[in-house]
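Notes for the one structure printed next.
Note that ligands are numbered from 1 as they come in the structure, with each ligand's atoms numbered from 1 the same way.
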Amino acid sequence: MEIVNTILQQYGFDINNIKIEIFGNGLINSTWKVNLRQSNEAFILQKINENIFKHPENIAFNIRLIANDLKRNHPNYLFVAPLLDLQNKDIVKTEAGSFRLFSFVSQSHTVDVLQNSNQAFQAAKQFGRFTRYLSDFDAETLKTTIPDFHNLTLRFDQFQSALKIENNDRRQLAKNSIEFLQANQNIVDTFHELLNSNILKRVIHHDTKISNVLFDGDDLGLCVIDLDTVMPGYYISDVGDMMRTYLSPVSEEEKDFSKIEIRVEFFEAIVNGYLSEMKAVLNENELKYFVFAGKFMIYMQALRFLTDYLQNDIYYGAKYPDQNLVRAQNQNQLLSIYLSLEPEFNKILQKYI
Ligand code: GN1
Ligand code: MG
């Protein structure tokens, strides 16, 4: 906490006049809400995890480029960019890490668990709008903040290597999950096919969980936040992570797998919301991979959790011993339900394209 106070002083805060609370539930960065005692004004302070974002200045670079482009071409779009410190820097580097500060947008709220399919529609629309507004912007001018972040080929290879060298006990406990992922390796093959098709690199958010959308008082989407993983990528990353995180009433942390379900009307809401912005932007070939997007992301997340489990939780950490195994099993269960609904999903998609 000491360091947080020091950082806030660099932004000109009087630390006697603020109240600080831990905020949100991200797995990677640390986030605090800073409330002013004398008014309703509030701020969000974030420490970037530099084990994962090795060059925080690349994040700042990307956000600056995008902010300028949006200001020019879509001046009414609400874009939450980092504030400057007393030395006019948008990122404060210290020995304890790199920090950024944002205004807390007043009259806005975030949602941690989706309550209805309208929220899925609104969120999908916001992520679609973000990519559409930047569709004339050259995505390749952005820095890659995490190399190979959604490279499924690499994620699969990392999983294979973890199987070779790691922990026998854990590998034994993970036997069924390992077999399930190996049996579904055709998802990696389809990913290769996609890479060789006419798929375009676009400005992609890469972390479309519902808590990364700001809503107004009427539950209308306002904008997207948490832009650390904004970089060149494929739209299936954004659509797929919405499917991964919006379709089921329970999250990746749920241990009772009987609670994992797929709400088909939420799938339709994602299709409708995303395509309400992106239908005219995506080419015919890209559209072919819309349903695949969900498989791609659920499968990749299961691989990542299981790989981390086999590597003793070095990436995600674990609050209890088998947490990353449970997360992987949870995602596998979600994937198997998703696969069984594919024909129905394809039919729904046809209504919108
Ligand atoms: C991480 O920290 P958080 O929750 O925003 C991860 C995502 C995963 C997610 C799974 C940089 O995101 O890719 O989907 O956990 N981010 C990074 O909960 O690895
Ligand atoms: Mg994130």
Side-chain angles (χ1 to χ4, degrees), residues 22-32 44-56 58-59 62-63 80 97-98 100 102 110-114 123 127 142-152 154-156 158-159 162 204-214 224-248 250-255 260 293-309 311 313-320 323-335 338:
I22 290 175
F23 190 77
N25 49 14
L27 298 181
I28 304 295
N29 294 326
S30 313
T31 309
W32 298 268
I44 292 289
L45 180 73
Q46 208 171 36
K47 179 180 166 197
I48 300 173
N49 182 336
E50 289 183 50
N51 290 325
I52 288 155
F53 295 100
K54 304 253 183 314
H55 301 282
N58 286 349
I59 299 176
N62 287 350
I63 295 181
V80 187
S98 295
R100 291 128 357 131
F102 302 91
T110 52
V111 171
D112 280 328
V113 181
L114 288 132
F127 286 110
L142 296 178
K143 310 261 190 206
T144 291
T145 58
I146 304 182
D148 289 311
F149 188 39
H150 285 181
N151 179 347
L152 183 60
L154 179 89
R155 298 293 183 189
F156 190 81
Q158 288 171 334
F159 165 65
I204 298 300
H205 186 283
H206 290 103
D207 188 7
T208 55
K209 66 165 83 71
I210 196 67
S211 56
N212 284 339
V213 179
L214 287 189
V224 303
I225 53 173
D226 188 5
L227 305 173
D228 303 341
T229 51
V230 171
M231 56 182 145
Y234 304 116
Y235 89 98
I236 57 164
S237 287
D238 281 0
V239 165
D241 214 35
M242 288 192 269
M243 296 186 182
R244 186 180 80 77
T245 57
Y246 302 176
L247 297 184
S248 171
V250 294
S251 79
E252 64 201 21
E253 301 296 352
E254 181 59 56
K255 296 177 205 155
I260 301 172
K295 294 203 275 189
F296 163 72
M297 283 303 294
I298 301 168
Y299 183 73
M300 183 158 63
Q301 194 61 57
L303 282 176
R304 292 177 65 192
F305 283 142
L306 200 60
T307 303
D308 200 36
Y309 177 70
Q311 295 179 333
D313 317 311
I314 48 173
Y315 189 89
Y316 287 113
K319 295 202 179 82
Y320 61 92
Q323 187 170 15
N324 281 310
L325 175 60
V326 168
R327 287 166 167 161
Q329 290 167 334
N330 167 309
Q331 297 292 284
N332 282 346
Q333 171 67 11
L334 182 66
L335 180 59
Y338 192 95

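Taking 4.0 Å as the cut-off, Arg327 does not count as a neighbour of ligand 1 on heavy-atom distance.
In summary, the atoms of ligand 1 found under 4.0 Å from a heavy atom of Tyr315, numbered by their order in the structure, are 11 (C), 17 (C), 19 (O). Close approach to Asp207 involves these atoms of ligand 1, each under 4.0 Å from a residue heavy atom: 5 (O). Residue Ile146 has at least one heavy-atom neighbour below 4.0 Å for each of these atoms of ligand 1: 11 (C).
A distance-only check finds a donor-acceptor pair linking the side chain of Asn330 to the backbone of Glu254 [under 3.5 Å]. Side-chain atoms of Ser30 do not come within 3.5 Å of backbone N or O of Lys47 as any donor-acceptor pair. A donor-acceptor contact shorter than 3.5 Å is absent between the side chain of Thr144 and the backbone of Ile146.
The option with the heavy atom closest to atom 18 (O) of ligand 1, from among Arg304, Arg244, Glu252, is Glu252.
The aromatic rings of Tyr316 and Phe305 lie tilted to each other, with the angle between the two planes from 30° to 60°.
Checked against a 3.5 angstrom limit, the closest N/O atoms of Tyr316 and ligand 1 fall outside it. Taking only nitrogen or oxygen atoms, main chain and side chain alike, Asn29 does not reach within less than 3.5 Å of ligand 1. Looking at ligand 1, you'll find an N or O of Ile28 within less than 3.5 Å of one of its N or O atoms. Distances between N or O atoms of His150 and those of ligand 1 include no value under 3.5 Å. The shortest N or O to N or O distance between Leu27 and ligand 1 is under 3.5 Å.
In this structure, Asp112 does not pair ionically with Lys209, as no charged nitrogen and carboxylate oxygen lie closer than 4.0 Å.
A heavy-atom distance below 4.5 Å is not found between the side chains of Ile59 and Leu227.
The proximity of Lys209 to ligand 1, defined as any non-hydrogen pair under 4.0 Å, is limited to the side chain. If you look at Asp228 next to ligand 1, there are no close heavy atoms at all, none under 4.0 Å.
By the side-chain contact (heavy atoms from CB on, under 4.5 Å) test, Asp313 pairs with Arg170, Asp308, Tyr309, Ala318, Asn324, sequence neighbours left out.
The closest side-chain donor-acceptor pair between Gln46 and Thr31 falls under 3.5 angstrom.
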